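Only one structure is covered here, and it is reproduced in the block below.
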Amino acid sequence: MTQLSRTERRNVVERFFEKVSDGVNIDRKWIRQMIETSVPELPDEPTPEQCDAWIELSEMLSDPSLVANIRANAEDVWNHHVLDLAAWQAANEIVLARAREIIARDLGPTSEAGQALARDWLETSARLLKRKPDLEFRNWIRGKYALHDARAARYWELVAIMRGQSPDASPNREWAWITAAMRHHLSD
């Protein structure tokens, strides 16, 4: 691990995103952001936790089932929808902040606040994907949340550890809460 350069680590991440995006109409700017975010600068002498995080992450990135899962999700979104990346990222930040505030009030995903967030996020997602928040879209997005791969959350925990941060530094807690709210309230 300590012998791997940042370039070599970057190559592993780039190969993963090449496999995920092959034949998918993914915004190249998004891919560059994902790669840059996923390859933090490690200290000259990384901690054992940082080394373990990289080992786990590199194994995860070479797992064909993860590549297939992420690729299927990417294909479904990027090939079938016109996505304004900046608008999507801004909406993500808003929903994350809102979830963070609701979590701080100790309200669960099944609460009225969770229902309101799920409804608003459904409508926002539909608008950004240029769809109507009708039953067809509701069923589609419910399916996306039902198929969510927990390894995606673990990915960001490992990146945080490699940065020398707590695994909680990633927005996983908020996204897990949002996912639970969406699953619960869209099942009606």
Side-chain angles (χ1 to χ4, degrees), residues 1 4 6-40 50-85 87-89 91-92 95-96 99 109 118 121-122 124-126 128-131 135-163 167 169-184 186-187:
M1 166 64 192
L4 282 177
R6 184 174 196 280
T7 302
E8 290 167 321
R9 289 191 311 276
R10 181 184 177 90
N11 289 341
V12 170
V13 174
E14 284 178 345
R15 278 193 302 276
F16 172 77
F17 281 102
E18 284 171 11
K19 291 175 189 173
V20 165
S21 65
D22 185 35
V24 180
N25 190 28
I26 298 178
D27 185 294
R28 301 314 295 176
K29 180 180 174 188
W30 180 82
I31 291 174
R32 282 191 309 276
Q33 287 175 345
M34 292 297 291
I35 292 169
E36 290 306 319
T37 304
S38 301
V39 188
Q50 288 172 310
C51 292
D52 291 344
W54 170 249
I55 291 166
E56 185 179 342
L57 182 63
S58 64
E59 288 171 358
M60 185 184 295
L61 294 177
S62 65
D63 182 339
S65 68
L66 180 64
V67 170
N69 182 281
I70 302 292
R71 182 178 167 67
N73 282 325
E75 214 169 23
D76 199 21
V77 172
W78 291 96
N79 281 355
H80 302 292
H81 304 286
V82 177
L83 186 62
D84 177 337
L85 184 59
W88 187 261
Q89 289 172 328
N92 277 329
V95 76
L96 283 170
W121 186 235
L122 174 76
T124 299
S125 298
L128 292 171
L129 293 171
K130 298 183 181 10
R131 305 250 327 250
L135 183 59
E136 181 183 347
F137 182 75
R138 183 184 178 109
N139 288 338
W140 176 80
I141 204 164
R142 181 176 50 225
K144 298 304 285 161
Y145 280 98
L147 295 175
H148 177 71
D149 191 325
R151 292 176 294 182
R154 182 63 179 151
Y155 179 99
W156 293 113
E157 289 174 357
L158 295 169
V159 169
I161 292 167
M162 288 174 54
R163 287 188 183 128
S170 74
N172 285 343
R173 177 181 69 139
E174 291 84 1
W175 279 118
W177 191 96
I178 292 165
T179 298
M182 296 298 282
R183 285 178 176 165
H184 178 79
L186 294 182
S187 65

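Computed from a prediction, not measured in an experiment: that's the story for all the values here.
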Could you tell me which residues satisfy ring pair (Phe, Tyr, Trp, His ring centres under 6.0 Å) with W156, sequence neighbours excluded, listed by chain and number? none

T37 side chain vs M34 backbone, donor-acceptor pair below 3.5 Å: no

Between CH2 on residue W140 and CG on residue L122, distance to nearest 0.5 Å: 10.5 Å

Would you mind writing out the side-chain donor-acceptor pairs for residues 13-22 within the sub-3.5 Å range, not counting sequence neighbours?
from : atom 1 : to  : atom 2 : distance (Å)
E14  : OE2    : R10 : NE     : 2.8
E14  : OE2    : R10 : NH2    : 3.4
S21  : OG     : F17 : O      : 2.7

Looking at every heavy atom in both A181 and P109, which two are closest together, and how far apart are they? N-CB, 3.5 Å

As a quick check of understanding, evaluate side chain to side chain contact (heavy atoms under 4.5 Å, CB included) for D63 and R151, giving each step before the final call. CA-CA 11 Å; D63 182 339; R151 292 176 294 182; 2.9 Å; yes

Stepwise side chain to side chain contact (heavy atoms under 4.5 Å, CB included) test for W175 and V95: CA-CA 9 Å; W175 279 118; V95 76; 3.7 Å; yes

Taking all atoms of both residues into account, what is the closest heavy-atom pair of S125 and F137, and its distance? C-CZ, 3.8 Å

Between I35 and I31, does a side chain to side chain contact (heavy atoms under 4.5 Å, CB included) hold up when you go through it step by step? CA-CA 6 Å; I35 292 169; I31 291 174; 3.7 Å; yes

Side-chain contact test, heavy atoms from C-beta onward, threshold under 4.5 Å: evaluate it for D149 versus L66 and give yes or no. yes

Contacts of type salt bridge (Lys or Arg N to Asp or Glu O under 4.0 Å), residue R32, not counting sequence neighbours: none

Does the pair N92 and W121 meet the rule for a side chain to side chain contact (heavy atoms under 4.5 Å, CB included), with working shown? CA-CA 9 Å; N92 277 329; W121 186 235; 3.3 Å; yes

Return the set of residues passing side chain to side chain donor-acceptor pair (under 3.5 Å) with T7 (not counting sequence neighbours), or none when no residue passes. none

List the atom of L57, the atom of S38, and the distance in Å for their closest heavy-atom pair. CD2-O, 4.3 Å

Only counting residues at least two apart or in another chain, list the ones meeting side chain to side chain contact (heavy atoms under 4.5 Å, CB included) with E136. R131, D134

Short side-chain to backbone donor-acceptor contact, R142 and L186, under 3.5 Å: yes

Once side chain to side chain contact (heavy atoms under 4.5 Å, CB included) is applied, do any residues pair with A53, and if so which ones, sequence neighbours excluded? L158, I161, M162

Can you tell me how far CG of N73 sits from NZ of K144, rounded to the nearest 0.5 angstrom? 4.0 Å

Is any side-chain heavy atom of Q33 less than 4.5 Å from a side-chain heavy atom of Q89? yes

Identify the two heavy atoms, one from A153 and one from N172, that lie closest to each other, and give their separation to 0.1 Å. O-ND2, 2.5 Å

Could you state the interatomic distance from CG (L96) to CZ (R173), rounded to the nearest 0.5 Å? 10.5 Å

Taking atom CZ of R9 and atom CH2 of W54, what is their separation to the nearest 0.5 Å? 7.0 Å

